[in-house]
Enquirer: 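Attaching a single structure in structure tokens format; questions to follow.
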Amino acid sequence: MPRWGLVVEQNLGYGRQGRMWSVGVIGHVEGSREEALAALRVRAERFEPVHPSNPKSRALYREADGFLLVVEGVWQPWHCRFTVAEQLYDSAAPEPVRAPSAAEPEPAEPTDATPRAHEPGPGPGPQPAWDAGVPEVPSWLGRDGLP
């Protein structure tokens, strides 16, 4: 069954020089394209864009592959585009778990002498509203030998 990404594109920043177009995946749906579009519509209706901070009105339009949200601000209108896209692969996805066959023995529980595999930490949090390429954790944090 195909997996669909629910994608939002919106403007971030202010002014002519500071404004940029940003993209983010707000969810996934496994099923048909129509099911993905129905889930995307619910997300688009409830979505709170970064700009404008004090909206006067909102209008949601349906397009062939998704939706367009136009939000009237105090000074100017802003917009967000919502689309569904079929996910073909994900390099960060975990490997599928396969059931052990009768020929393969069950792996023994690790003992104190057996080194344990490193367990990955929690996944990344939500996409920051403003991403200027600055790391959230500085590279020097936790290093020994710094003055």
Side-chain angles (χ1 to χ4, degrees), residues 1-112 114-139 141-142:
M1 190 159 279
R3 181 176 177 158
W4 299 90
L6 308 179
V7 180
V8 61
E9 299 170 87
Q10 64 178 322
N11 282 311
L12 300 179
Y14 285 107
R16 291 183 177 202
Q17 303 296 327
R19 205 184 270 196
M20 68 176 164
W21 196 238
S22 173
V23 65
V25 178
I26 56 176
H28 290 93
V29 172
E30 292 194 23
S32 68
R33 185 173 181 277
E34 289 74 26
E35 292 171 334
L37 280 169
L40 183 63
R41 179 177 179 168
V42 171
R43 295 278 185 113
E45 289 173 350
R46 296 180 182 165
F47 187 76
E48 293 294 328
V50 174
H51 296 299
S53 57
N54 295 323
K56 294 190 317 185
S57 67
R58 298 166 55 106
L60 185 65
Y61 300 94
R62 183 178 178 109
E63 296 181 319
D65 289 330
F67 302 92
L68 176 67
L69 176 66
V70 178
V71 182
E72 289 290 331
V74 175
W75 300 101
Q76 62 188 351
W78 296 79
H79 71 284
C80 301
R81 187 171 305 277
F82 298 88
T83 54
V84 294
E86 184 177 2
Q87 183 179 6
L88 300 179
Y89 76 94
D90 183 0
S91 64
E95 291 293 322
V97 178
R98 61 184 181 112
S101 65
E104 296 179 24
E106 293 269 337
E109 289 293 320
T111 62
D112 292 336
T114 307
R116 295 177 185 237
H118 175 70
E119 295 181 8
Q127 183 75 12
W130 172 256
D131 183 14
V134 179
E136 291 186 26
V137 178
S139 61
L141 185 65

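Residues: numbered from 1 along the sequence shown.
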Enquirer: If you define the side chain from C-beta out and look only at heavy atoms, does anything of L37 sit under 4.5 Å from R62?
Expert: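 Of all side-chain heavy-atom pairs linking R62 with L37, at least one is under 4.5 Å.
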Enquirer: Kindly indicate whether the side chain of D65, heavy atoms from C-beta on, has any atom under 4.5 Å from the side chain of R33.
Expert: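 Yes, close enough: below the 4.5 Å cut-off.
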Enquirer: Which distance, rounded to the nearest 0.5 Å, do you find between the NE2 of H79 and the CD of Q10?
Expert: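 Reported to 0.5 Å precision, the distance equals 10.0 Å.
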Enquirer: What is the minimum heavy-atom distance between V8 and C80, and which atoms define it?
Expert: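 In this case the closest contact between V8 and C80 is CG2-CB, 4.4 Å.
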Enquirer: Between the main-chain N or O of E9 and the side-chain N or O of W21, is there a donor-acceptor pair closer than 3.5 Å?
Expert: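 No.
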Enquirer: Please find the pair of heavy atoms, one from G66 and one from L40, that lie closest to each other, and give the distance.
Expert: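 Between these two residues, the closest heavy atoms are CA-CD2, 4.2 Å.
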Enquirer: Any side-chain heavy atom of R58 within less than 4.5 Å of one from E48?
Expert: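 Heavy-atom side-chain distance check passes, below 4.5 Å.
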Enquirer: If we only count heavy atoms from C-beta on, is the V84 to L6 side-chain gap below 4.5 Å?
Expert: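 Yes, close enough: below the 4.5 Å cut-off.
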Enquirer: Rounded to the nearest 0.5 Å, what separates atom NZ in K56 from atom CD in E72?
Expert: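 Rounded to the nearest 0.5 Å, the NZ-CD separation comes to 6.5 Å.
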Enquirer: Which pair of non-hydrogen atoms, one from V29 and one from A39, has the smallest distance, and what is that distance?
Expert: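 So the minimum-distance heavy-atom pair works out to CG2-CB, 3.7 Å.
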Enquirer: Among F47, Y61, F67, whose ring-ring contact (aromatic ring centres under 6.0 Å, His included) with F82 holds?
Expert: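 Running ring-ring contact (aromatic ring centres under 6.0 Å, His included) over F47, Y61, F67 with F82 returns exactly one hit, F47.
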